[in-house]
Amino acid sequence: MKYKSVFDIIGPIMIGPSSSHTAGAARIGRVARSLFGRKPKWAHISFYGSFAQTYKGHGTNVAIVGGLLDFDTFDERIPYSLEIAKQEGMEVTFYEEDAIPHHPNTARVRIGDEKGELELVGISIGGGKIEIIELNGFELKLSGHHPALLIMHNDRYGAIASVANVLAKYAINIGHMEVSRKEKGKEALMTIEIDQPIDQTVIDELTALPHIIQVTNIAD
Amino acid sequence: MFRNVAELVQLAESQNIKIAEVMIRQEIEVTGRSREEIFAQMDKNLQVMEQAVAKGLAGVVSRSGLTGGDSVLLQQYIRQGNFLSGETILDAVSKAVATNEVNAAMGVICATPTAGSAGVVPGTLFAVKEKLKPTREEMIEFLFTAGAFGFVVANNASISGAAGGCQAEVGSAAGMAAAALVELAGGTPSQAAEAMAIALKNMLGLVCDPVAGLVEVPCVKRNAMGAANAMVAADMALAGIKSRIPCDEVIEAMFRIGETMPTALKETAEGGLAATPTGRALAAKIFGVSANSRES
């Protein structure tokens, strides 16, 4: 079951005109912003499939940039996000890709500043719901059925155990978990599907653990 | 958790509760949130719907200039009193159009189930409100009932135009609205399912072919017809008419049609009305080039 909540169907409250192309895009942008942890200096956004062909008309461009500016789907500043990004010194470039994606509504977002970069691929599956299918070259196998935590961390002893301990302390059950890394001892990613939405206290506690770089909640 | 319409109806009938109540109980169970929280969130959605209808009826125009003002024309026409179909239907149509005109103008709406199809459910609800005088609670329940049917469609077929064509968007919305109208009017859960089946059957095969890739033409008027379709389907079900093809099989058929529908007719602005001479000319006028970037 891809959709679990009635509010996936009646909702989200959003700026028009398209839940998959506008609200979904805003959410993809906002997950990227959240994973990056700060406002990026630059953004290179590639659109594929239907996104590539109709993004101008659907405001997919303003929505995804709105997300990068940390705007929610109903933020009335979304239609003006390109101007706002410019004023705030964020340089944005769009690319229309010809490649046929696995899903018709696909965006690849590369963002960065002098301190670092982040790259993710998000798909908008309808009604404003999204899935992140790739992060910094890691392929994500999120079912989309459950709330999920994406935890970038350093590949060190005890990093995984410490995360599991915090979740256990708050009686949060792990339904599915994957760990992937690029090289031994380097950056790694935990993908954790949990049974219930998680609150900010838990996220703050996870973020404060040693070796943890970034914690992102994709409950929506 | 109900997986299809048959289970949804069975759950409601076996416990002698409304479809809305089945959805509310499931939401509580799945999310662990309280009934009050869930009602409050749905009430907020209802408020956004009301504001969008009011804004649309006051008159809006989209940035492209392709849509806007038709809900105002319809209200004026209703007031003249010489209409052919019926006041409640036309009121539903005008309120559905109002919502989608606001959506096209990048205003705030509540996706129901999507933004492109956001007009049908509130349009029909606010039209029958004049007639059935529901309480606030009943209006919120209307949205839970619509949501329950949409939930089944989303999980078993699709509610995305890019994945399943307009049948998945306005078709789903019309089915959801029809079912919720039946329940609000006092019909049984199985009558609600019949209404959903009848409404969705008559939207099967509907392609998604937005001119210039904008959610305007033909989307706004398809919401109008989705609302009219929902009203008639609800009346038919309340009259005791059944769909020969069960609701779940209609949903399955919709999914399969969507799977076999060419990509050109799934929100790519490459086919259908978008590819007509006027459609292409409008795209060129709005963007300076065709909405289809590969041809630009």
Side-chain angles (χ1 to χ4, degrees), chain A residues 1-24 47 49-60 62-63 73-76 78-80 94-98 100 103-106 123-129 145-147 195-197 219, chain B residues 1 3 23-24 26-27 30-32 38 41-42 44-45 48 62 64 102-116 118 121 143-144 146-148 150-151 154-155 158-163 168 176 210 212-216 219 263 266-270 286-287 291-294:
Chain A
M1 304 284 269
K2 279 199 176 289
Y3 297 80
K4 292 206 83 131
S5 165
V6 70
F7 298 108
D8 294 335
I9 310 298
I10 311 293
I13 296 171
M14 55 166 285
I15 296 290
S18 164
S19 46
S20 54
H21 288 68
T22 316
F47 290 131
S50 173
F51 268 10
Q53 282 157 304
T54 68
Y55 73 92
K56 289 175 193 159
H58 285 117
T60 311
V62 293
T73 55
F74 51 82
D75 196 311
E76 298 194 51
I78 282 179
Y80 314 101
F94 294 101
Y95 303 91
E96 297 164 14
E97 304 286 348
D98 280 334
I100 307 292
H103 188 279
N105 295 324
T106 302
I123 59 173
S124 177
I125 63 168
K129 244 174 110 68
H145 300 183
H146 305 282
D195 287 349
Q196 70 266 42
Chain B
M1 181 179 278
R3 286 165 300 178
M23 188 73 250
I24 292 160
Q26 178 169 303
E27 188 72 17
V30 169
T31 64
I38 291 165
Q41 187 174 349
M42 198 59 98
K44 208 173 159 207
N45 286 344
V48 168
S62 69
S64 72
V102 168
N103 181 59
M106 291 193 92
V108 181
I109 53 98
C110 178
T112 318
T114 66
V121 170
L143 298 181
F144 279 108
F151 182 85
N155 281 309
S158 173
I159 52 168
S160 144
M176 289 158 59
L214 299 163
V215 191
E216 301 198 40
C219 321
T263 309
K266 289 194 277 195
E267 211 173 339
T268 52
E270 286 180 324
I286 293 163
F287 295 116
N292 183 346
S293 57
R294 283 171 204 179

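This structure is a prediction, so every number in the text was calculated from the model and none was measured. The chains referred to below are lettered A, B, ... by the order of the sequence lines, with proteins before strands, and numbering in each begins at 1.
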Can you confirm whether more than 12 heavy atoms, excluding those of A/Y95, are under 6.0 Å from its OH atom? yes
In terms of heavy-atom pairs under 4.5 Å, which option from [options] contacts chain A the most?
| options | answer |
| --- | --- |
| B/A104, B/G107, B/A146 | B/G107 |
| B/A163, B/A148, B/S160, B/G150 | B/G150 |
| B/G32, B/A118, B/C110, B/A105 | B/C110 |

Return the set of residues passing side chain to side chain contact (heavy atoms under 4.5 Å, CB included) with A/S20 (not counting sequence neighbours), or none when no residue passes. A/S18, A/N105, A/S124, B/E267
B/S64: which residues meet the side chain to side chain contact (heavy atoms under 4.5 Å, CB included) condition with it, sequence neighbours left out? B/S62, B/L66, B/L214, B/E216, B/I286
If we only count heavy atoms from C-beta on, is the B/I159 to A/Y3 side-chain gap below 4.5 Å? yes
Think A/K2 forms a cation-pi with B/F151, using NZ or CZ under 6.0 Å from the six-ring centre and within 45 degrees of its axis? no
Name the region of [X], side chain, backbone, both or neither, that has any atom closer than 4.5 Å to a heavy atom of chain B.
| X | answer |
| --- | --- |
| A/Q196 | neither |
| A/P12 | both |
| A/H103 | neither |

Parallel, tilted or perpendicular: which describes the rings of A/F7 and B/F144, with under 30° parallel and over 60° perpendicular? perpendicular
Find the one option among A/P79, A/G59, A/S50 whose heavy-atom pairs under 4.5 Å with chain B are most numerous. A/P79
